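All remarks here apply to the structure that follows.
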Amino acid sequence: MKRKGILIVVSGFSGAGKGTLMKRLVQDFDNYALSISMTTRNPRPGETDGKEYFFVSREAFEKQIEENGLVEYASYCDNYYGTPREYVEQQLELGKDVILEIEIQGALKVKKKFPSALLMFVMPPSAQELKRRLVGRGTETEEVIEKRLKRASEEAEGIEEYDYIVVNDDLEECVKYMHSLVMAAHATPDRNEELIQNMRKELEAFSK
Ligand code: ADP
Ligand code: 5GP
């Protein structure tokens, strides 16, 4: 029987290490597919269109919204970010666990639309370490870092909505831990309805 893919939402404060963790999950295990979002923000040095994001204009983004081409979208620090629908649906159908690395507004929309989605929130070991990582990454101006830290404080209000919290202290440990949570999610009854129904049918046949 083909295993169904799980839609996995990963959120966390900017600089917590989401991107780093996602890359490792995809590298280390073969069950994951990473959704590439569309955004109106400018590429950072080293980012390529179609790899980290699809970088588009506001007009192109709004056209996608109108055409229902996005699973969800949100505005974050003055830019649009959204999840293209086609890839997600196709990969889930193929049995892949599809990871969406998205912020909280989008995450809550996904949970509403897809109640069986698995929501994980990545926490840094401390707020000080978060700032250190964000500054250390060296990709944003001081002004943008301020904005992102302010936004982190707002996002902290919604953490209870998530299914799991993972603390990204030791990277290796965190990658293994996240993977084990996904594997455990595959074992819940609501994600195995077909297996349960088939077993019931076969057992019924014994008593005929
Ligand atoms: P996010 O995608 O959440 O904004 P990144 O993956 O870009 O965060 O990570 C932010 C910075 O922190 C990067 O420079 C990254 O190398 C570093 N980092 C990520 N995970 C860890 C960790 N476990 N320990 C130390 N530094 C980390
Ligand atoms: P960054 O600019 O650092 O790449 O991303 C900023 C924020 O946007 C992060 O919290 C990231 O998770 C979120 N984000 C990235 N892609 C999407 C998306 O498709 N939808 C939503 N809602 N948020 C996204």
Side-chain angles (χ1 to χ4, degrees), residues 7-27 34-56 61 64-65 69-88 98-114 117 119-141 143-156 158-159 161-162 165-178:
L7 189 56
I8 304 164
V9 172
V10 177
S11 305
F13 313 130
S14 183
K18 301 178 297 294
T20 310
L21 287 163
M22 301 307 91
K23 253 187 222 151
R24 281 293 306 275
L25 280 174
V26 173
Q27 258 174 36
L34 192 55
S35 158
I36 301 173
S37 294
M38 192 170 274
T39 184
T40 58
R41 89 150 158 74
N42 291 323
R44 292 177 185 139
E47 283 183 337
T48 336
D49 186 40
K51 196 161 167 246
E52 285 80 11
Y53 282 105
F54 295 107
F55 296 99
V56 299
F61 196 102
Q64 281 299 313
I65 300 174
L70 303 173
V71 174
E72 61 71 42
Y73 69 94
S75 174
Y76 173 94
C77 295
D78 310 326
N79 280 298
Y80 277 136
Y81 293 80
T83 306
R85 179 183 303 283
E86 200 176 322
Y87 178 81
V88 171
V98 181
I99 307 177
L100 312 184
E101 193 233 289
I102 64 179
E103 53 64 67
I104 197 159
Q105 301 168 51
L108 299 184
K109 282 185 212 160
V110 170
K111 185 77 190 174
K112 226 175 182 178
K113 267 198 208 168
F114 308 92
L119 269 65
M120 299 197 208
F121 196 93
V122 179
M123 290 261 248
S126 67
Q128 268 311 317
E129 173 63 10
L130 178 72
K131 190 167 179 186
R132 201 189 63 75
R133 286 183 191 173
L134 204 46
V135 173
R137 188 168 68 187
T139 50
E140 267 88 14
T141 60
E143 190 196 338
V144 172
I145 289 176
E146 286 296 311
K147 234 183 207 173
R148 285 176 176 240
L149 287 172
K150 200 166 154 230
R151 171 70 185 225
S153 159
E154 288 161 23
E155 290 198 320
I159 299 176
E161 304 293 330
Y162 285 74
I165 290 167
V166 294
V167 178
N168 178 22
D169 191 351
D170 181 282
L171 184 71
E172 301 302 320
E173 288 301 315
C174 194
V175 170
K176 279 190 247 163
Y177 188 59
M178 287 180 91

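In each ligand, atom 1 is the first atom listed, and ligand 1 is the first ligand listed. Please read these numbers as outputs of a predicted model, since none were measured by experiment.
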Open item on the list: So which atom in Y76 and which in R148 form the shortest heavy-atom distance, rounded to 0.1 Å?
Closed with: OH-CG, 3.6 Å
Open item on the list: Nearest 0.5 angstrom please: C174 SG to L25 CG, how far?
Closed with: 8.5 Å
Open item on the list: Counting only heavy atoms and a distance below 4.0 Å, can you name the residues contacting ligand 1?
Closed with: F13, S14, G15, A16, G17, K18, G19, T20, R133, R137, N168, D169, L171
Open item on the list: Is the distance between the ring centroids of F121 and F13 under 6.0 Å?
Closed with: yes
Open item on the list: Between R151 and E103 (salt bridge meaning N to carboxylate O under 4.0 Å), is one present in this structure?
Closed with: yes
Task: Value rounded to 0.5 Å, distance of CG in L100 from OG in S37 - done: 7.0 Å
- [ ] Using heavy atoms and a cut-off under 4.0 Å, could you grab the residues that are in contact with ligand 2, chain by chain, numbers ascending?
- [x] K18, S37, R41, R44, Y53, E72, A74, Y76, Y81, G82, T83, E101, I102, E103, G106, R148
TODO: For the pair E143 and K147, find out whether any cationic side-chain nitrogen is under 4.0 Å from an anionic carboxylate oxygen.
DONE: no
TODO: Considering non-hydrogen atoms only, spot the tightest contact between F54 and D49 and give its length.
DONE: CA-OD1, 3.3 Å
Open item on the list: For E161 and L119: C-alpha separation, side-chain torsions, deciding distance, then whether side chain to side chain contact (heavy atoms under 4.5 Å, CB included) applies.
Closed with: CA-CA 8 Å; E161 304 293 330; L119 269 65; 5.5 Å; no
Open item on the list: Side chains of L21 and V10, heavy atoms from C-beta outward: is any pair under 4.5 Å?
Closed with: no
